[in-house]
Peer 1: 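Okay, handing you the structure first.
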There are 4 protein chains.
Amino acid sequence: MTRPMPENSLGVALIGTGFMGKCHAMAWRTVAATFGGAHPRLEILCDTPESRAHAYAGQFGFARATADWHAAIADDAVDVVSITTPNGLHRPMAEAALRAGKHVWLEKPMALTLADAEAMAQLAAQNPDRVTILGYNYLRSPAFQAAVGLIRSGAIGTPHAFRGVYDEDYSADPTLPWSWRMTHKEGGLGALGDLGCHLVSQMVALMGDVTQVTAMTQISIPMRPAPDGDKPVENEDSALALVRFASGAQGSFATSRVARGRKCRLQWEVHGSGGTITFDQENMNALWLHRAGEAGFTRHLTGPDQPDYAAFCPAPGHNFGFNEQKVIEARDLISAIAGGPSCGPDFAAGLKIERVIHAMATSNGRPVEL
Amino acid sequence: MTRPMPENSLGVALIGTGFMGKCHAMAWRTVAATFGGAHPRLEILCDTPESRAHAYAGQFGFARATADWHAAIADDAVDVVSITTPNGLHRPMAEAALRAGKHVWLEKPMALTLADAEAMAQLAAQNPDRVTILGYNYLRSPAFQAAVGLIRSGAIGTPHAFRGVYDEDYSADPTLPWSWRMTHKEGGLGALGDLGCHLVSQMVALMGDVTQVTAMTQISIPMRPAPDGDKPVENEDSALALVRFASGAQGSFATSRVARGRKCRLQWEVHGSGGTITFDQENMNALWLHRAGEAGFTRHLTGPDQPDYAAFCPAPGHNFGFNEQKVIEARDLISAIAGGPSCGPDFAAGLKIERVIHAMATSNGRPVEL
Amino acid sequence: MTRPMPENSLGVALIGTGFMGKCHAMAWRTVAATFGGAHPRLEILCDTPESRAHAYAGQFGFARATADWHAAIADDAVDVVSITTPNGLHRPMAEAALRAGKHVWLEKPMALTLADAEAMAQLAAQNPDRVTILGYNYLRSPAFQAAVGLIRSGAIGTPHAFRGVYDEDYSADPTLPWSWRMTHKEGGLGALGDLGCHLVSQMVALMGDVTQVTAMTQISIPMRPAPDGDKPVENEDSALALVRFASGAQGSFATSRVARGRKCRLQWEVHGSGGTITFDQENMNALWLHRAGEAGFTRHLTGPDQPDYAAFCPAPGHNFGFNEQKVIEARDLISAIAGGPSCGPDFAAGLKIERVIHAMATSNGRPVEL
Amino acid sequence: MTRPMPENSLGVALIGTGFMGKCHAMAWRTVAATFGGAHPRLEILCDTPESRAHAYAGQFGFARATADWHAAIADDAVDVVSITTPNGLHRPMAEAALRAGKHVWLEKPMALTLADAEAMAQLAAQNPDRVTILGYNYLRSPAFQAAVGLIRSGAIGTPHAFRGVYDEDYSADPTLPWSWRMTHKEGGLGALGDLGCHLVSQMVALMGDVTQVTAMTQISIPMRPAPDGDKPVENEDSALALVRFASGAQGSFATSRVARGRKCRLQWEVHGSGGTITFDQENMNALWLHRAGEAGFTRHLTGPDQPDYAAFCPAPGHNFGFNEQKVIEARDLISAIAGGPSCGPDFAAGLKIERVIHAMATSNGRPVEL
């Protein structure tokens, strides 16, 4: 028998062990097995309290655990930091990581405020040899990548219109208690910050830069129960917008966290001079394409003819999963750290996304130029 | 054997023998067989040239044919006039009919200009004993009626958001020749006048009155081939809008005549505090409903538990057709003439629809109050 | 004004005013308006009691009413008889009509027993100048006609497999009372006679003649409540079969009247060497086609590129309805009477369908040659 | 910082690095991170030639590599053996592993012949302290587990009918070269062995034991190109069957490897006295349920209310993936090794599946008792 020699690899610190923390952990564990290359070293898992960090370090296979995120970032064995904490911690952690010379993988949205995001992008620009990437995982599904490829290849001619929504219903229940997440100060934006930014990331990937938005927001459930009586919800439950693109195309945009029955309806369509393409993340393994002259829309099940799918499964139509998007994101990050092409959205591109959602949040029915 | 005695019935003149003309003819022929009541007398078919009128009078079973619409309207045997001619003729014909004391069944949109529509509504108001009805046939499908009923019954709680589109692709081909329909003067509005008004009619039925719109329009194919060289398209290929309702709800609105692959995508969803309801006219026999606490969206196939279906078919799921919508419209018109409840949209309600689409057409990104 | 002269036309007697009776009446009223040609004369409506016949004669626009079907058939003004009565009356009425020299439009299934169907087919063969047609209306939808055309044109290569079901749930409720329809003597076959024969009609149209079936039947609800206590259900609630075709292809076949939630699931797929085509009557305006080399299945909405649709509507995707199938059937019958091609299934073709369902009913798991 | 201590864990040998080999490797890497518990030790990766084993050991993170499967199985550090090799190697490898006292995770089908499967089941029975599990991964999806749970809980009453297909098109292209997989001796069964056994595994889980099958098979492409001229295909391209269950229920069954456009259409429905449930693996995150009294079928998107989903993702509707099924399978295996409930199908249950597919393969239209 032979023993494969470990290659030099990246040392990883992961901060946060919730929904996205686990998703990052899984991606770090499987990225090399999926795509080849050196296995990342899972150095430090950070969460509070330390007992939680300790337990998850064991589960996720990290070598060490800590409740001290400063220590985790500063650690010499760490090359890259995954940040999956509440939004209010994004800026201090990302800045500390960049200042410590670490690459940063940050969950969206970038920060609570646009000013924070701008500062972060500025710092990233000052550290051009450090890779930043934001966790816009829906950009990585084979179907979405295929859609972008189809549009770039001219399959639907010149795109002239976009229609997109991202709806969920996690806040639809009026008995859901009030939380700090519903405040401007601690939660930042509402549906726009949580869901809308994903839709912007896809919209821009499909259509190019946004030059103007005109938007309205709505708080459907203005008061929420709290232990000491009902308290007001400050950030938007939903938003609607009209969009102008640099290309001259136009679009409509909607997002809601109170859309009953919607679980991950990140759904859009692009109208082109020569065809139409549509997608719905709730059925993320089906891409629908119509080209001029065809009888209707064709359902294209995700398969090895789409980007990156074959590394997961050689058989078409077998269903790519949500978590696997993150594995592709990890691969892109590793590749960029190794000097490959920037895979985006990095902090500069992420700032553009932030500008769009903050413009929507403040438009109040007036056009805002970007 | 016995012989049923004919009842007193309405005398009908039908002007126009195209798409909608045939649809009206079929409705007049079958409405009594479907719903009971006196069979309308198919008195006069009018079109130009007279040979065409003559041929179609035979086919549709009208007693007489003429190319003179004034004569058709003036005829003593005629009680009600179906007007299915190009939009520019709507006002003179409808006004002539009202002035001749006839009831009017007019295809949408009401007129080329908002001023025309206002004049027509004013004349109708001056003739309150004459029934007017506009051909918003999509309001009549059992599924749509059921949707309205569900919302009114509180099945989805308080409606707070609307998302609607009406897309077709009949103008998507850039080699389609230029026509007078693409001019403001002779064609009036573009996609808004042809498709958007239908969507407004449903939006208002579902959500109540509109108080503000903010819209953008687009001409995707600015020049079209004509025998003497390319000529400009003047009216919009597509439009997008944000909508505020009197109820406080908000909505997004889109329509296009250049949406490749769309054939009759009159699709909308209503978000309520207690559920969501969605519909797509391309699959008009399926209504989708989710209510809080249910596992997902339920597909409700059109059946006798929905309004008016049983008169066509006692068996559920057997598929109601486009043309049958018009039969219900005819029944509603006859019922209103007989003194039943107004079935709308009459000219007053139609004028509201016109105001919405004309506001969208002229908004140019600014909010317009209604 | 001019007056179109009535052409010589067919005199019609219609027997029965239920689900299918009304459907025939509507078809007779609209066939000429839809397709041109002489309007049929609606001479006699027959049902019991005579008061019912009288009322429906008025509603449907028939000139006379009677409760005496012998008189209706014998009437000199009658050229063609629509028979929509319970199955046990099919044979005597059809035979009386043929013997009286009338053309016959008979609802399916042909008769209660195979012997009856054989006798009827024999009599029809002895009257070759009289047209017979069975009401297999699902054969007439534009989508189904298009499917047959696609297969014949080689769009999916050589068909090698068929999978078909026809499920409804009208008998699924165990509290539904016992009825004579559930007996062999008065009801004949169960799901096979009511639903299965439709599926056979489509299967044969798609795949060609059947040479062997192997089937099982099941009575899911063996006892039903009756006023004098529970009584046994004699005919099958569901049936399953394996099928061999003369072409060498194979197929599976299933039908049920106790399939909860199914309303008109007449659903099949044909596998060919070069593609696959699928259809579901519950969404009868969508035909799905995949051809080798394409990315997936394409949804083809019913439109004027499919047979007969344009006579109803020039715009694609606007939804053809169940009742309109019957109008096409009427047109085919009229055309055959006028010397056009046989439109089938006539009694000879219908007998083949009966042989298949009776073979399934009696197979009991053994292969039966046809 | 603290260092989690590794727990005692299972030593794994994996044989095979193809489609399923990689899938096993990923499952072994992530099972503990997903569900907790000790991380398996990835001891030995085995494939030929050794260079391939070596390369994949590095990629998958195995400590050692070998081309000698006997050595891999015999290794003292190995507790459990994943066998993902061609079917002809299943029996010798599984038997060697059992004889060496190892637990066995074997990909389906069990073996080339029924005699082989019987011998394997016998050996497993003689080693009751060794866990065996067959790779029927589709049994593990949350939607499928939920379906089984719904049926067991009586959500659809008493199941009385099953309809199932498993179709793919990987052999549909007639230019696909002949291979040993198409022979009885080296490939065993065709579509039944590759696809049909999965459908049987689900059918039995949903409906209980099979007592009788009546089946037909077909070779659609009898000759395939080989370097030295066309050679015959021996095993079936497709099969159809009627099924009787011990419960008294009946079913239809179909499988094909030449169904154009189908990629993973493992689709079934169960009809019960009180409802119907349907599923299609091509859209594996949607389960459709209708219960008596509801308006139609409800789409239940996979979410944390279904078994095992929450370990992968806390948010509903975010899409579980094909590969994640294998992670659940690994968890079940580890749990059974630790003394938890048998998770099946073990070799005894697998033998029952083999008996069904071999009965189908040899039925030739006659009923075969089981």
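Convention: sequence-line order gives letters A, B, ...; per-chain numbering from 1.
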Peer 1: Does any heavy atom of chain D fall under 4.5 Å from the side chain of A/F62, the backbone, both, or neither of them?
Peer 2: backbone
Peer 1: Might you work through the side chain to side chain contact (heavy atoms under 4.5 Å, CB included) test for A/M26 and D/T34, ending with a clear yes or no?
Peer 2: CA-CA 8 Å; A/M26 307 289 265; D/T34 307; 2.7 Å; yes
Peer 1: Atom OH of D/Y309 and atom CZ of A/F322: how far apart are they, to the nearest 0.5 Å?
Peer 2: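 Spacing of OH (D/Y309) from CZ (A/F322) equals 7.5 Å.
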Peer 1: Against chain D, label A/E282 side chain, backbone, both or neither, depending on which of its atoms sit under 4.5 Å from a heavy atom there.
Peer 2: both
Peer 1: Which distance, rounded to the nearest 0.5 Å, do you find between the CG of D/N283 and the CG of A/N319?
Peer 2: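 It is 7.0 Å, given to the nearest 0.5 Å.
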Peer 1: Nearest 0.5 angstrom please: D/M1 CE to A/C46 SG, how far?
Peer 2: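 Between D/M1 CE and A/C46 SG, I get 7.5 Å after rounding to 0.5 Å.
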Peer 1: Find the distance between NZ (D/K263) and CG (A/N285) and round it off to the nearest 0.5 Å.
Peer 2: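 Rounded to the nearest 0.5 Å, the NZ-CG separation comes out at 14.0 Å.
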Peer 1: Would you mind checking which part of D/F320 comes under 4.5 Å of any heavy atom in chain A, side chain (CB onward), backbone (N, CA, C, O), both or neither?
Peer 2: backbone
Peer 1: For chain A, which of D/A63, D/A67, D/A286 has the most heavy-atom pairs under 4.5 Å?
Peer 2: D/A63
Peer 1: Can you tell which part of A/F312 gets under 4.5 Å to a heavy atom of chain D, answering side chain, backbone, both or neither?
Peer 2: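 It is both, since atoms from each part get that close.
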Peer 1: What distance do D/R64 atom CZ and A/T2 atom OG1 have between them, rounded to the nearest 0.5 Å?
Peer 2: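 Spacing of CZ (D/R64) from OG1 (A/T2) equals 10.0 Å.
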Peer 1: Parallel, tilted or perpendicular: which one describes the rings of D/Y138 and A/H318, with boundaries at 30° and 60°?
Peer 2: tilted
Peer 1: On a heavy-atom basis, which atom in D/G58 and which in A/P4 lie closest, and how many Å separate them?
Peer 2: N-CG, 3.6 Å
Peer 1: At a 4.5 Å cut-off on heavy atoms, which part of A/A25 comes close to chain D: side chain, backbone, both, or neither?
Peer 2: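 Neither part, no heavy atoms under 4.5 Å.
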Peer 1: Quick check on the interface: out of D/C313, D/C264, D/A72, D/A315, who has the most heavy-atom pairs with chain A under 4.5 Å?
Peer 2: D/C264
Peer 1: For each of D/T66, D/L266, D/D169, D/D68, tally heavy-atom pairs with chain A at distances under 4.5 Å, and name the one with the top tally.
Peer 2: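 Heavy-atom pairs under 4.5 Å are most numerous for D/T66.
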Peer 1: Looking at A/K22, A/R299, A/E168, A/R29, which makes the most heavy-atom pairs under 4.5 Å with chain D?
Peer 2: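 Highest number of pairs under 4.5 Å: A/R29.
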Peer 1: So for A/Y56, is it side chain, backbone, both, or neither that comes closer than 4.5 Å to the heavy atoms of chain D?
Peer 2: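 Contact with chain D: none, neither part.
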Peer 1: So which part of A/D75 gets closer than 4.5 Å to some heavy atom of chain D, the side chain, the backbone, both or neither?
Peer 2: side chain
Peer 1: Please state whether the side chain, the backbone, both or neither of A/L45 comes within less than 4.5 Å of a heavy atom of chain D.
Peer 2: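 Looking at A/L45, nothing touches chain D.
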